[in-house]
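The structure under discussion appears below in the form of structure tokens.
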Amino acid sequence: MFKKSEPIRAVKGTRDFLPAETWRWQKVEEEARRVFGAYNFREVRTPVLEHTELFARSVGVDTDIVTKEMYTFHDRDSESLTLRPEATASVVRAYIEHSLFNEGGIHKLYYMGPMFRRERPQKGRYRQFSQIGAEVLGSDNPGIDAEVLEMLVLFLDRLGLQDFTLLINSVGCPACRQEYLKTLRQSLENVKGGMCEDCRRRADTNPLRVFDCKVEADQPVIEKLPHMLDHLCPECRQHFESVKADLKQRAINFQIEPRLVRGLDYYTRTTFEITSAALGSQNALLGGGRYDGLSEMLGGPPTPGIGFAIGQDRLVLAAEQAGCIKPEPLGVFIAWMTHEGLAPAAGLARELRRQSISAEVLYDAVKMKKSLGIASKLNARFAVIIGESELASGRYQVKDMSTGQQQEIEPSQIAEHLKVRILK
Ligand code: HAM
């Protein structure tokens, strides 16, 4: 609650992004669109609000997300709605709702946007955060798994990120999982008494979720539990072997992490995460995997799928720390001296902007030195100077702000001159 005169602040775990930061968000989004487009992914936009049931059925009722983190409320007609904590369930819901399966073939979809989880906020962890994700629906071919990972590695490379590690695992299919869960339950039977409350409950309801436990004291016990990877059926084992072989062929480095079961129930077979050393404790830059049974869980036809979601907040943080992306500079700053210069300056700005060159002009008179200072502060590539002598000669000074070189150019030629230099 705020006192009446007190300024109202943003909700805990949510953030405002000001222009000093938004350019980074735009850069990574542009690069994602470019790289994902090259792999023939197309954008899908789904609502932020969904029926609570969607996440209960897909993410799973025993997961941290559903039990503790969702923003769920009753609408005025008492329907239970939830602000999406993730988008895979929404994409598959939309795929079913719009019968995309009738079109046949594979659907490659990507999305970007805000997700909501009521977690304890800290660096890299927020209650409203953004994901850039992609899903492939309609194929269980291991080649798709490898292609999706190749695309991710290319995307991170394109941003200039280097210090990252790809971890992979297989969580099998319902058939082999059934057998494995028996073994896991037996192992847990002997040790669960000494574990945290969540683990004790999950040992009975959904033992795989025990691997999501973050309680320090439980880790030595969890380390010793049997792994799904050692209990895969021949088909799942073959699938995993093919994914690994394909990754090697594509020269993609990876590590096998048998504990990587991921915190959502819909996964089958391949699961993966990419961690970044630059990120500190919240080091998962992205996560994903196969979910060959998800469509059926949501009432759709059998449709294998695989996808990932990148935590955009963390991606931007890692890119910022690595200093690997640069802001787009302003194209041109136009400086005029006497009042007669204002109209030509505004006219030139309009012409440059029409040619897609970014330009700035001030409407209040400013001394030349100060003008050029503003041009530097705005990080302008060029300054055009329209002083008294320039107005008299009919040729303006065009200054390259990085080299300091100046050239006199006729106003009608300036746009052409700058275009080749700025819009490369
Ligand atoms: P997830 O692992 O829950 O997977 O989230 C993916 C990524 O979102 C995480 O690796 C992390 O970077 C980011 N993230 C998650 N929670 C937060 C938070 N509170 N604050 C900041 N970033 C966060 C999924 O969401 C699946 N839908 C991924 C997927 C797509 N699997 C298949 N297809």
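Given the structure is predicted, the values throughout are model-derived calculations rather than measurements. Indexing begins at 1, ligand by ligand and atom by atom, following the structure's order.
Residue-level proximity to ligand 1 for L286 is carried by the backbone, the only part with a heavy atom below 4.0 angstrom. In E135, the part holding a heavy atom less than 4.0 Å from any atom of ligand 1 is the side chain. Contacts between F272 and ligand 1 below 4.0 angstrom, taking non-hydrogen atoms only, are absent altogether. Here R125 has heavy atoms under 4.0 Å from ligand 1 in both its backbone and its side chain. Using a 4.0 Å cut-off between heavy atoms, I306 makes no contact with ligand 1 at all. The residue M115 has no part lying near ligand 1, judged by heavy-atom distances below 4.0 Å.
A 4.5 Å side-chain heavy-atom check between D313 and F17 finds at least one atom pair inside the cut-off. Side chains of C176 and H231 form no contact here, defined as non-hydrogen atoms less than 4.5 Å apart. Looking at heavy atoms from C-beta onward, F55 lies in side-chain contact with S90 at the 4.5 angstrom threshold. A 4.5 Å side-chain heavy-atom check between L418 and Q355 finds every atom pair outside the cut-off. Contact of the E135 side chain with the F41 side chain is not registered, since no non-hydrogen atoms from C-beta on lie closer than 4.5 Å.
Remark: ligand 1 and Y266 share an N or O pair separated by less than 3.5 Å (distance only, no angle test). Below 3.5 Å of separation, one finds an N or O of L285 facing an N or O of ligand 1. For ligand 1, one of its N or O atoms has an N or O atom of Y267 under 3.5 Å away.
With sequence neighbours excluded, the residues forming a salt bridge (charged side-chain N to carboxylate O under 4.0 Å, His left out) with E360 are R353, listed by chain and number.
Enclosure of atom CG in D364 is not indicated, since only 12 or fewer non-hydrogen atoms of other residues, nucleotides or ligands lie within 6.0 angstrom.
Set against the non-hydrogen atoms of Y291, the atoms of ligand 1 under 4.0 Å away are 32 (C), 33 (N). Near T88, meaning under 4.0 Å from any of its heavy atoms, are these atoms of ligand 1: 26 (C), 27 (N), 29 (C), 30 (C), 31 (N), 32 (C), 33 (N). Taking every heavy atom of E119 and a limit of under 4.0 angstrom, the matching atoms of ligand 1 come to 16 (N), 17 (C), 18 (C), 19 (N).
At a 4.0 Å cut-off, at least one heavy atom of G289 sits close enough to ligand 1 to count as contact. Close to ligand 1: R262, with a non-hydrogen atom less than 4.0 angstrom away. Residue contact check for ligand 1: G13 places no non-hydrogen atom closer than 4.0 Å to it.
Relative ring orientation between F36 and Y110 is described as perpendicular, the plane-to-plane angle rising above 60° on a 0-90° scale split at 30° and 60°.
Heavy atoms only, all atoms of each residue included: P114 and V48 are closest at CG-CG2, 4.4 Å. Contact record, M401 with A383: SD-CB, 3.8 Å, taken as the closest heavy-atom pair.
With respect to atom 12 (O) of ligand 1, the closest heavy atom belonging to the protein is A284 O, 2.8 Å. Closest protein heavy atom to atom 32 (C) of ligand 1: G307 O, 3.2 Å. When only non-hydrogen protein atoms are considered, atom 7 (C) of ligand 1 lies nearest to A309 O, 3.5 Å.
The stretch residues 214-223 participates, sequence neighbours left out, in these side-chain hydrogen bond (donor to acceptor under 3.5 Å, both in side chains) pairs: Q219-R259, E223-R259.
One finds the CZ atom of R290 at 4.5 Å from the NE2 atom of H239 (value rounded to the nearest 0.5 Å).
Nearest to atom 21 (C) of ligand 1 by heavy atom, out of G311, G287, G124, S90, is G124. The residue among R84, Q131, E86 with a heavy atom at the shortest distance from atom 5 (O) of ligand 1 is Q131. Heavy-atom proximity to atom 16 (N) of ligand 1, evaluated over Y126, F129, F308, is greatest for F129.
Formation of a donor-acceptor pair under 3.5 Å by the N169 side chain with backbone atoms of P258 is found in this model.
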